[in-house]
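Chain identifiers are assigned alphabetically (A, B, ...) following the order of the sequence lines, protein sequences preceding nucleic acid strands; residue numbering begins at 1 within each chain. Below, all heavy atoms of this structure are taken into account, side chains as well, without hydrogens, waters or symmetry copies. Predicted, not measured: the structure shown is a model, and the values here were computed from it.
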Amino acid sequence: MSKIEGTYSPQEFEEKWYDEWTQKGYFHADPHSDKPPFSIVIPPPNVTGILHMGHALNNTLQDVMTRYKRMDGYEALWMPGTDHAGIATQNVVERKLAAEGLTREDLGRDNFIERVWEWRKEYGGTIIRQLKKLGASCDWDRERFTMDEGLSRAVREVFCTLYEEGLIYKGSYIINWCPRCHTALADDEVEHKDSKGNLWHLRYPLEDGSGYIDVATTRPETMLGDTAVAVHPEDERYKDLIGKNLILPVMNRRIPIIADAFVDPTFGSGAVKVTPAHDPNDFEMGLRHSLPTIRVIGENGQMTEEAGKYAGLDRYEARKALVADLEEAGTLIKIDDHDHAVGGCYRCQTVIEPLISEQWFVKVKPLAAKAVEAVEQGDTKIVPDHWKKTYYHWMENIRDWCISRQIWWGHRIPAFTCDACGEMSVSREDIDTCPKCGASGLRQEDDVLDTWFSSALWPFSTMGWPEETAEVSKFYPTSLLVTGFDILFFWVARMMMMGLWFRKEVPFKDVYLHALLRDEQGRKMSKSLGNSLDPLELIEEFGADVMRFTLVAFAAQGRDIRLSKPRFEGYLRFANKIWNAARFAFMNLEDFDEAAPEIPLAERSSADRWIIGRLSEAAKGVREALDDYRFNDAAGQIYKFLWHEFCDWYVEMSKRPLYGDDPKAKLAAQQTIITVFDATMRLLHPFMPFLSEELWQKLPFPAYMGPREESLVIAVFPKAEEIPTDKGAVERVDMVKEVVSAVRNVRGEMRLPPSKKLTAIIQCSDKERSLLLDERDFMMALALAESVEFIAPGEPKPKQAAAAVAGGLEIFVPLAGLVDLEEEERRLNKEIDKLAADLSKVEGKLGNPNFVDRAPAEVVEKERERAAELNEAIDKLKAGLARIKGE
RNA sequence: AGGCGGAUAGCUCAGUUGGCAGAGCGCCAGCCUUACAAGCUGGAUGUCGCAGGUUCAAGCCCUGUUCCGCCUACCA
């Protein structure tokens, strides 16, 4: 009776183990531990979010690293939490209110915020629960939220400090305004998308009636706010007109012609209309030339009183009406098709309106300089390396960061204005009397801070900063950050700036930027396309382990991942394979004597020694791959070892001793299976935590291995150097494998079914013979041979036999009565052709004097050996062919 | 416009110091061989995008080029 049933069914054990692990507190990190620290902070998902494939990938990779390091003797902290997602969350709650026929204004600020907290309490935990399904080994006792009291204190501390240092200021500048979210946005929160538009050519007459200037615009409605037309100072066409005035059509306003080097004389007519209130470039130009600003579009996207007869119209309606009027007035010369990039709100896609508005800004240049330096010096390593360039480029071209948002949900700006004297005070604590005049009646700013402002502090605010906590001193700087490259600017760059400024240390030593997930057609997975796979459905169908392993197996650096269901099916088979390997192991361990002493390696079979040697190499490979963040490589090594070495070869080889009647050989095989299975489950655990734990817990444990750890979560990760490697055994088994493959090849090519027993005859040196003699049983079992015989080098070769060459050995399979010899002739010719092709390549190299003279001696020697081997093999096969023909 | 990435088997992709081009899936053939048919065994399949260059030797390094994708950007 087996301990487990025949099919992998993750639904039966995943939840059980997760509960067990959390109850035991394995994920909790102790800041007072003596172990070296390893720490990761989770990229906080939006509190409104639900788990999507990007989260699944991102958090799987973090969990792999966290579990690996935890097993490898580190005090591992994976800090979890969510961010308050100001705009997104407010949108969600406002939608709910709208369903009740209410607006946030109806409730008032305090009541509205109360409602948001209620919402958060009810729904905010969704993504956290989903992360648990994934198996994430976060320290849930430390779960944080950017609006928590502690984190809010950190935000306030940072704001006030930067203000005191003169790095935060308030002022009227042109900013990106979302007319739907009704708030300012930072530059990088605007998504530019190419779209088909038009170029309207307008004719502005000179004031003195002596002519006109043509200008072109993609946004005709802004002409109502024009306060100048600019030309290039060197432009011969317009040189004489500089300083003259034009009459702005429709508005009949007098506007000057100015000269500015910004204008590209080769584009369009070479003259540009200037609308300082509604275009960032024009705003700059306006400053240079002290132009007035006329705001014709308001915060709701409607035309203002300044727009005259168009006041109150939506900006697009106004465009239509105005264009019609311009055409009638003869001002509109022509309309061209024109493609250009239009900026949209990253939250709601509404077209952004550049507006002049009073906002709060961070002067980022000084912070950015430090952030660049840290990467240049290697204090933080970006993986893959090529993202460095993008990072530098962004940091070096950074403009001041608009941090105020005209919403209610978020950290309210701690600035207080005195009604009496007008003084504005910024304060770490709420104040109600003016520090300057002592009057009461202070008004706090209505605006809140950009969510990214608080996320930027995440690596240290989550650890209790500004208190100098044990967590900060143990776990900051964090060891690693894993995130998608799409938030390199939003988040990574800002954490770098804030971390360096406030902790004088980088927030993380390594940053691993993973690829994007795409569907099978290569399109980005997105909610709007509806082409996303749902990780929870996948977990339901395949198990969390299979989903994790699949994602890891495809996570090659710098390459996007195309996902589809069949990909997961492939690794479901792998999980099932592991399951069945375990069944095999358990079946054959039922009578295992846990008290028996360990059989020394030297007394075990070659197969035993071989697989243990391979295990050592696998452990080394997995470690090296993980240390370099080559996740796909790590997964591949485990896959290959478990399936193609342990299952394909060792399990088959172990059947003889297990089913045979030599008790010592059997015990040796049992002990080997346990050693290998135990270590393999340890190696597998970071990738497939549930399956590995389920199987490992059922594995018998011999007394000589000492007490077993309570759980794989806290078990030791295998060290290659502690697993012995026997080179001789590896060589012997490799020889066995070659012989077996050669015989199988004959069988396969000849289409001999396994039911037809055959004999293998090996002709080899005495030395090889003595090595192989002991492995006879293995060879018979694996090659499905009735017997394996040896002949000495000089002895006549068998007649009517298939011939094969493997290493230095010749292998014969007598075919008389089994198969038509012409089949063998065909097979041999094919084989000879293949080898001859190889040989001519090698001889080509050796025939080149340059190669022989200039290549390293060992490379030349290797080629010579290879040529000799090929020659010998060909000769032998030809001889075999002759023997067949001669019959 | 600039920057970055990709192009390798029918498909999806590996390929870390230049030294015999690989895997999975698919395909063909044979197998229910008592862990596993979600399996086993064997087999076929390549102008490594194109053109040059460096080198004894290039998928890998250099130059140019084509196509695809992404990011950044103030061309009205």
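Regarding A/D385, its CG atom lies at a distance of 18 Å from the P atom of B/G3, rounded to whole Å. For A/D648 and B/C40, the CG to C1' distance is 8 Å, given to the nearest whole Å. For the pair A/H386 NE2 and B/C4 P, the interatomic distance rounds to 10 Å; values are reported in whole Å. Here the P atom of nucleotide B/G24 and the NZ atom of A/K577 are 12 Å apart, to the nearest Å. The distance from atom CD of A/E590 to atom C1' of B/A35 is 12 Å, rounded to the nearest whole Å. The distance from atom CG of A/L572 to atom P of B/A37 is 13 Å, rounded to the nearest whole Å. Taking atom CG on A/L752 and atom C1' on B/C31, their separation rounds to 12 Å, with Å as the unit. A/L513 places its CG atom 17 Å from the P atom of B/C4, with the value rounded to the nearest Å.
A/D260 and A/H232 are not linked by any side-chain donor-acceptor pair at a separation below 3.5 angstrom, with hydrogens and angles left out of the test. In the model, A/Y629 has a side-chain atom that pairs as donor or acceptor with a side-chain atom of A/D510 under 3.5 Å. A donor-acceptor contact closer than 3.5 angstrom is absent between the side chains of A/N829 and A/R826. There is no side-chain donor-acceptor pair under 3.5 Å between A/K388 and A/T390.
Between A/W643 and B/A35, a side-chain N or O to OP1/OP2 separation shorter than 4.0 Å is absent. Residue A/R573 places at least one side-chain N or O under 4.0 Å from the OP1 or OP2 atom of B/C25. In terms of phosphate contacts, A/Y659 brings a side-chain nitrogen or oxygen within less than 4.0 Å of OP1 or OP2 of B/A35. Contact annotation: A/K389 reaches the phosphate of B/C4 (side-chain N/O to OP1 or OP2, under 4.0 Å). In this model, the phosphate group of B/U33 is not approached by any side-chain N or O of A/K756 to a distance below 4.0 Å at OP1 or OP2. For B/A35, one of the phosphate oxygens OP1 or OP2 lies less than 4.0 angstrom from a side-chain nitrogen or oxygen of A/K655. At the phosphate of B/A23, neither OP1 nor OP2 sits under 4.0 Å from any side-chain N or O atom of A/H644.
A salt bridge links A/K565 with A/E541: the closest approach of a Lys/Arg side-chain nitrogen to an acidic carboxylate oxygen falls below 4.0 angstrom.
Heavy atoms of A/K841 sit under 4.0 angstrom from primed sugar atoms or phosphate atoms, though from no base atom. Using a 4.0 Å heavy-atom distance criterion, A/E652 is classed as a base contact. Base engagement by A/T7 is indicated by at least one non-hydrogen atom pair under 4.0 Å involving a base atom. The residue A/P856 sits close to a base: some heavy atom pair falls under 4.0 Å. Within 4.0 Å of A/V651, counting heavy atoms only, lies at least one base atom of the nucleic acid.
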- Give the B/S/- string for nucleotides 57-65 of chain B, one per nucleotide from 5' to 3', where a protein heavy atom under 4.0 Å of the base yields B, of only the sugar-phosphate yields S, and otherwise -. ---------
- Note on the structure: Whether each nucleotide of nucleotides 71-76 of chain B has a protein heavy atom under 4.0 Å at its base (B), only at its sugar-phosphate (S) or at neither (-) is summarised, 5' to 3', as -S-BBB
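With A/Y204 as the fixed residue, the side-chain hydrogen bond (donor to acceptor under 3.5 Å, both in side chains) test singles out one of A/D214, A/T331, A/D226: A/D226.
Residues A/Y346 and A/F490 place their aromatic rings such that the two centres sit under 6.0 Å apart. Aromatic rings of A/Y639 and A/F574 (six-membered ring for Trp) have centroids within the 6.0 Å cut-off, being under it. Ring-centre distance between A/F631 and A/F687: not below the 6.0 Å cut-off.
Rounded to the nearest Å, the gap between the P atom of B/G19 and that of B/A29 is 38 Å. B/C4 and B/C74 have their C1' atoms separated by 22 Å, with the value rounded to a whole Å. Taking atom P on both B/C70 and B/G30, the two are 47 Å apart, rounded to the nearest angstrom. Separating the P atom of B/C62 from that of B/G6 is a span of 12 Å, rounded to the nearest Å. The separation of B/U41 from B/U54, taken at their C1' atoms, amounts to 46 Å, rounded to a whole angstrom. Distance check on atom P: B/G52 versus B/C68 gives 24 Å, rounded to whole Å. Rounded to whole Å, the separation between the C1' atoms of B/G69 and B/U45 comes to 29 Å.
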Just the atom pairs and distances: protein N or O near nucleotides 42-44 of chain B's N or O, under 3.5 Å.
residue: B/G42; atom: O3'; partner: A/N745; partner atom: ND2; Å: 3.3
residue: B/G43; atom: OP1; partner: A/N745; partner atom: ND2; Å: 3.0

Listing time: all N or O pairs from protein to nucleotides 13-17 of chain B that are below 3.5 Å?
residue: B/C13; atom: O3'; partner: A/R559; partner atom: NE; Å: 3.4
residue: B/A14; atom: OP1; partner: A/R559; partner atom: NE; Å: 3.4
residue: B/A14; atom: OP2; partner: A/R559; partner atom: NE; Å: 3.2
residue: B/A14; atom: OP2; partner: A/R559; partner atom: NH1; Å: 2.7

Close N or O pairs between protein and nucleotides 46-48 of chain B (under 3.5 Å):
none

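Judged by distance alone, with hydrogens and angles left aside, A/R583 brings no side-chain donor or acceptor close enough to the base of B/C36 to form a pair under 3.5 Å.
Side-chain atoms of A/H393 and A/N397, non-hydrogen and from C-beta on, do get closer than 4.5 Å to each other. Residues A/V842 and A/L870 meet the side-chain proximity criterion, which asks for heavy atoms closer than 4.5 Å. Using a 4.5 Å heavy-atom threshold, the side chains of A/W579 and A/L695 count as touching. The closest side-chain heavy-atom distance from A/R751 to A/E823 is below 4.5 Å. The side-chain heavy atoms of A/L758 and A/V743, taken from C-beta on, include a pair separated by under 4.5 Å. Between A/I611 and A/F641, the closest side-chain pair of non-hydrogen atoms falls below 4.5 Å. Annotation: side chain of A/Y391 is in contact with side chain of A/V375 (closest heavy-atom distance under 4.5 Å). With contacts defined as side-chain heavy-atom distances shorter than 4.5 Å, the pair A/K193/A/V342 does not qualify.
Checked against B/C40, B/C36, B/G30, the side chain of A/N580 finds its nearest nucleotide in B/C36. Comparing B/U33, B/A35, B/A38 by their closest approach to the side chain of A/A581 singles out B/A35. Taking the side chain of A/V859 as heavy atoms from C-beta on, and the options B/G19, B/A38, B/U33, the nearest nucleotide is B/G19.
Rounded to the nearest 0.5 Å, atoms OG (A/S654) and OH (A/Y659) are 7.5 Å apart.
Remark: side-chain polar atoms of A/R866 are not paired, donor with acceptor, to backbone N or O of A/E861 under 3.5 angstrom. A/Q557 places no side-chain N or O within 3.5 Å of a backbone atom of A/V383 that could act as its donor or acceptor partner.
A/R573 forms no cation-pi arrangement with A/W643, by the criterion of a distance under 6.0 Å to the ring centre and an angle within 45° of the ring axis. A cation-pi contact, defined as under 6.0 Å to the ring centre and within 45° of the axis, is absent between A/R656 and A/W649.
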- Query: Under a 3.5 Å cutoff on both atom distances, Watson-Crick or G-U, what's the dot-bracket for RNA chain B ([ ] crossing, | other strand)?
  - Reply: (((((((..((((.....[..)))).(((((.......))))).....(((((..]....))))))))))))....
